[in-house]
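Just so you know, these numbers use all the heavy atoms, side chains as well, and skip hydrogens, waters and symmetry mates. Computed from a predicted structure; not experimentally measured. Throughout, a chain's letter reflects where its sequence line sits, starting with A, and its residues are numbered from 1.
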Protein chains: 2
Amino acid sequence: MTLNIQHSFKALADPTRRQILVHLSQQDMTIADITDQFDITRAGIKKHLNILESGKLISVKTRGRERINSLETEGLKTITDWLAYFDQFWDEKLSSLQTAIANNETKTNE
Amino acid sequence: MTLNIQHSFKALADPTRRQILVHLSQQDMTIADITDQFDITRAGIKKHLNILESGKLISVKTRGRERINSLETEGLKTITDWLAYFDQFWDEKLSSLQTAIANNETKTNE
DNA sequence: GCAATAGGATACCTTTTGGTACTATATTAA
DNA sequence: TTAATATAGTACCAAAAGGTATCCTATTGC
């Protein structure tokens, strides 16, 4: 649904959130672990985590009093699926360009 | 540079801007053409176009008093390159999962 | 030249966003 | 059971974002 794709794109629009994803790609982390990596309060980081979660870019599982955050592929898939549409356009543009070049090569006298 | 990737992600974070890109994938358009497709004033659309341009997702060329907006691949490439890093993680996660499954199959007595 | 057309720039308004401080809840360890 | 730990939630604030109205500039056609 449109809601989800919007949440995913929105989540990726902030540099701190993208950085969090990079950290999580190295290892799963608690919110305290993540907060240590930034100059932002835990409450601020928590807001970012909520947004990443709603974009399905991370998921959280509880372990005792800890909550382990880890990467979730669903949001990334949503994004790449949307972008795939443009890859198609991209190819078309490339072949148009190649056609133009080929055309030019055969019409050097015009 | 970090600046550009930020501009590109920011540009994709708004649903109107993503919709504009879809329209432009069908055909190059003037700002008037684009404005016809939305319930937003030309000035509003112009702001979106500026943001898309700074994210290198579109480019503009002047033709007389008209300005033709068209898709630009550089910004899309910036985005997909960033995401490609996670594809790698993705594969690792998948193979970890497969390892775990295989492991489980051989240790059914534990 | 001049009216019409195509578009750019900006001041202004409202809502959203990124951040903090503070408070509250649940689990663990002694 | 109680102090420490790990985290959640919320009220609040400043800045940024999305939108409009208005005004300005440049090209075109007669």
Query raised in the report: Can you tell me if B:Asp81 uses its side chain to pair, donor with acceptor, with the backbone of B:Thr78 under 3.5 Å?
Result: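 Side chain of B:Asp81 to backbone of B:Thr78: no pair is present.
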Round to a whole Å and report the spacing from [atom1] of [X] to [atom2] of [N].
X       : N      : atom1 : atom2 : value
A:Leu49 : D:dA8  : CG    : P     : 8 Å
A:His7  : C:dT16 : NE2   : P     : 12 Å
B:Gln6  : D:dA16 : CD    : C1'   : 12 Å
A:Glu53 : D:dT7  : CD    : P     : 14 Å
B:Asn69 : C:dA6  : CG    : P     : 15 Å
B:Ile51 : D:dA17 : CD1   : P     : 7 Å
A:Lys61 : D:dT7  : NZ    : C1'   : 17 Å
A:Asn50 : C:dT17 : CG    : P     : 13 Å

Requested in this report: Report yes if a donor N or O on one partner sits less than 3.5 Å from an acceptor N or O on the other, where the partners are the side chain of A:Arg65 and the base of D:dT5; otherwise report no.
Outcome: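 Indeed there is one.
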Requested in this report: Answer with yes or no whether A:Arg67 presents, from its side chain, a donor or acceptor under 3.5 Å of a partner atom in the base of D:dT7.
Outcome: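 A donor-acceptor contact between them is absent.
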Query raised in the report: For B:Arg17, which contact category applies under a 4.0 Å heavy-atom criterion: base, sugar-phosphate, or nothing?
Result: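 Touches sugar-phosphate only.
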Work out which heavy atom in [X] is nearest to a heavy atom in [Y]; give both atom names and the distance.
X       : Y       : result
B:Arg18 : A:Ile5  : NH2-CG2, 4.1 Å
B:Val22 : A:Phe86 : N-CZ, 3.9 Å
B:Tyr85 : A:Ser25 : OH-OG, 2.6 Å

Report task. Mind listing the residues from residues 35-48 of chain B sitting with a heavy atom below 4.0 Å of DNA chain D? Number order is fine. Result ->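 Only B:Asp39, B:Ile40, B:Thr41, B:Ala43, B:Gly44, B:Lys47, B:His48 qualify.
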Query raised in the report: Is there a chain of hydrophobic side chains (I, L, V, M, F, W, Y, each step under 4.5 Å between heavy atoms) that links A:Leu57 to A:Ile51?
Result: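 No, no single cluster joins them.
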Requested in this report: State the OG1-CD distance between A:Thr35 and A:Gln37, to the nearest 0.5 angstrom.
Outcome: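 So the gap between those two atoms works out to 9.5 Å.
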Requested in this report: Apply salt bridge (Lys or Arg N to Asp or Glu O under 4.0 Å) to A:Asp39 and list each qualifying residue two or more places apart in sequence or on a separate chain.
Outcome: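 None.
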Query raised in the report: For B:Val60 and A:Ala13, take the nucleotide of DNA chain C holding the closest heavy atom to each; which residue's nucleotide lies nearer the 5' end?
Result: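 First, find each residue's nearest nucleotide; the 5'-ward one identifies B:Val60.
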Query raised in the report: Of B:Arg63 and A:Lys10, whose nearest nucleotide on DNA chain D comes first from the 5' end?
Result: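 Upstream on the strand: A:Lys10.
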